[in-house]
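What follows is a short report on a single structure.
Remember, it's 1-based here, ligands and their atoms both numbered in the order they're listed. Heads up: numbering here begins at 1 and tracks the sequence.
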Amino acid sequence: MNREKACELIIIGTGPAGLTASIYASRYGVKNIVLGELPGGQISESYLIDNYPGVEDISGADLAKKIFKHAQKYGAEIILSRVKKIKKNDNGFIVELDNEDKISGKALILATGSQRRRLGIPGESALQGKGVSYCATCDGFFYKERIVAVIGGSDSAAGAAAHLAGIAKKVYLIYRKKELRCEDYWKKILAKEKKIEIIFNTNVVEIVGAGRVEKIKTDTTERDKKEIVLDGVFVEIGADPDNWLARELGVALDEKGYIKVKKDGATKVVGVWAAGDGTNGSDKLKQIITATAEGAIAARSIADYLKKKKA
Ligand code: NDP
């Protein structure tokens with residue numbers, strides 16, 4: 001049965017930015033509905049969060065649950081369904097969901113985050129779920145005493161390698177440049193971990209296996225061997241903004257596809273704000289703390305906007 005629901009603010013995105021926007025909006029008395037697919041967003045796949053002030057040593061899944069519950073505590077209505085369509089009209093916006101629900105609202109926050117990058121090499125798609133993974137926290141468990149590789153050289157790759165070292169027999173961390181660019185915090189953890197071997201100046205060019213990952217081929221300039229026999233490949237090479245909804249609405253994007261926002265998160269389209277990893281806000285520092293801050297700032301700006309509209 002399809003339902004039609006009305007609210008003042010539609011928030012698209014159930015990650016830290018969207019849920020924090022909901023917490024603040026609810027506390028400002030703005031009736032909001034949050035739409036998304038993954039409760040808590042991408043952080044729910046992070047192995048360890050240790051830089052969110054006041055919350056030490058927490059798994060991404062646990063922090064995601066806490067933020068989700070916090071939003072519910074203030075009355076957020078959260079609908080877990082994919083957004084299918086979005087339309088702007090004279091009164092605001094109508095969002096159509098995969099479950100056929102229609103949600104209308106006067107203002108909108110896009111907190112749609114980002115989508116994981118893929119290597120785009122032979123074997124990657126065919127062996128996805130058969131040894132190729134994009135989430136060490138979700139799938140690491142299956143590699144007890146096995147040999148795995150993590151591809152990437154920044155914080156996600158380092159976190160994934162550290163997590164997998166606690167499970168697997170051997171972890172190769174394969175990076176295309178000569179020095180990792182993750183935080184020093186992660187570098188120190190990696191240096192202590194004997195099971196991790198870092199291979200620099202190397203790209204993986206093919207993932208090979210008949211029905212399951214068996215080996216990878218590399219273009220390494222540092223080792224003689226151009227093949228590594230292993231059981232799993234974890235691709236941790238970052239993400240690109242997921243902004244198809246912004247494009248539909250005519251919101252301005254920068255050259256890399258990030259939503260251009262003003263200081264208060266407003267976009268160039270009246271009634272549309274954006275927050276979190278998909279924006280060019282916070283000097284593009286993509287952290288939970290910056291996503292939550294952008295969500296809070298956008299909610300306050302919207303509360304003012306709606307008050308002025310009513311006056
Ligand atoms: P990043 O964009 O920071 O890094 C992506 C990494 O993958 C880079 O090392 C990049 O190489 C490499 N890469 C990209 N494309 C390819 C490719 N086709 N083949 C091989 N390697 C490739 O992504 P992250 O997911 O690591 O981080 C995203 C954001 O989240 C960052 O702002 C990060 O700081 C933050 N984060 C913070 C954490 C923390 O503990 N504070 C934990 C996880 C994420 P190159 O360096 O050559 O560009």
Could you pull out, from [options], the option with a heavy atom nearest to [atom]?
| atom | options | result |
| --- | --- | --- |
| atom 42 (C) of ligand 1 | Ile289, Thr290, Ile237, Asp155 | Asp155 |
| atom 3 (O) of ligand 1 | Ala160, Ser154, Gly120, Ser46 | Ser154 |
| atom 8 (C) of ligand 1 | Glu183, Arg181, Lys284 | Arg181 |
| atom 25 (O) of ligand 1 | Ala158, Gly153, Ser156 | Ser156 |

Considering only protein heavy atoms, which is closest to [atom], and at what distance to one decimal place?
| atom | result |
| --- | --- |
| atom 23 (O) of ligand 1 | Gly238 CA, 3.2 Å |
| atom 17 (C) of ligand 1 | Arg176 NH1, 3.4 Å |
| atom 37 (C) of ligand 1 | Gln287 NE2, 3.4 Å |

Do Asn243 and Tyr258 pair up side chain to side chain, a donor and an acceptor below 3.5 Å, judged on atom types alone?
no
If you measure only the distance, is there a donor-acceptor pair under 3.5 Å linking the side chains of Asn51 and Gln287?
yes
Pair Ile94-Ile86, side chain to side chain contact (heavy atoms under 4.5 Å, CB included): steps then yes or no:
CA-CA 6 Å; Ile94 298 180; Ile86 190 158; over 6 Å; no
[X] heavy atoms, cut-off 4.0 Å: which ligand 1 atoms fall inside?
| X | answer |
| --- | --- |
| Trp186 | 39 (C), 40 (O) |
| Leu119 | 19 (N) |
| Lys177 | 45 (P), 46 (O), 47 (O), 48 (O) |
| Lys286 | 29 (C), 30 (O), 32 (O), 35 (C) |

Do Arg300 and Tyr24 meet the cation-pi criteria used here (NZ or CZ under 6.0 Å from the six-membered ring centre, within 45° of the axis)?
no
May I ask you to test the His70-Leu19 pair for a side-chain heavy-atom distance under 4.5 Å?
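Contact flag for His70/Leu19 side chains = no.
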Minimum side-chain heavy-atom gap Lys215-Ile228 below 4.5 Å:
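No; the side chains remain at least 4.5 Å from each other.
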Within 4.0 Å of atom 28 (C) of ligand 1 (strictly less), any protein heavy atom?
no
Residues Arg118, Gln128; criterion side-chain hydrogen bond (donor to acceptor under 3.5 Å, both in side chains); working and verdict
CA-CA 11 Å; Arg118 287 165 185 265; Gln128 185 176 341; 2.7 Å; yes
Please walk me through it: do Val34 and Ile79 pass side chain to side chain contact (heavy atoms under 4.5 Å, CB included)?
CA-CA 6 Å; Val34 189; Ile79 303 177; over 6 Å; no
In this structure, does ligand 1 have an atom that sits under 4.0 Å from one of the heavy atoms of Tyr175?
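In this structure, Tyr175 qualifies as a contact of ligand 1 - some heavy atom is under 4.0 Å.
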Return yes when Arg116 approaches ligand 1 closer than 4.0 angstrom through a heavy atom, no otherwise.
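Per 4.0 Å heavy-atom rule, Arg116 does not contact ligand 1.
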Measure Leu285 to ligand 1 on non-hydrogen atoms and call it side chain, backbone, both or neither using the 4.0 Å cut-off.
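Near ligand 1, Leu285 shows nothing, with every heavy atom at 4.0 Å or more.
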Only one of Tyr47, Phe234, Trp186 passes ring-ring contact (aromatic ring centres under 6.0 Å, His included) with His163; say which it is.
Tyr47
Under a 4.0 Å N-O cut-off, is there an ion pair linking Lys87 with Glu248?
no
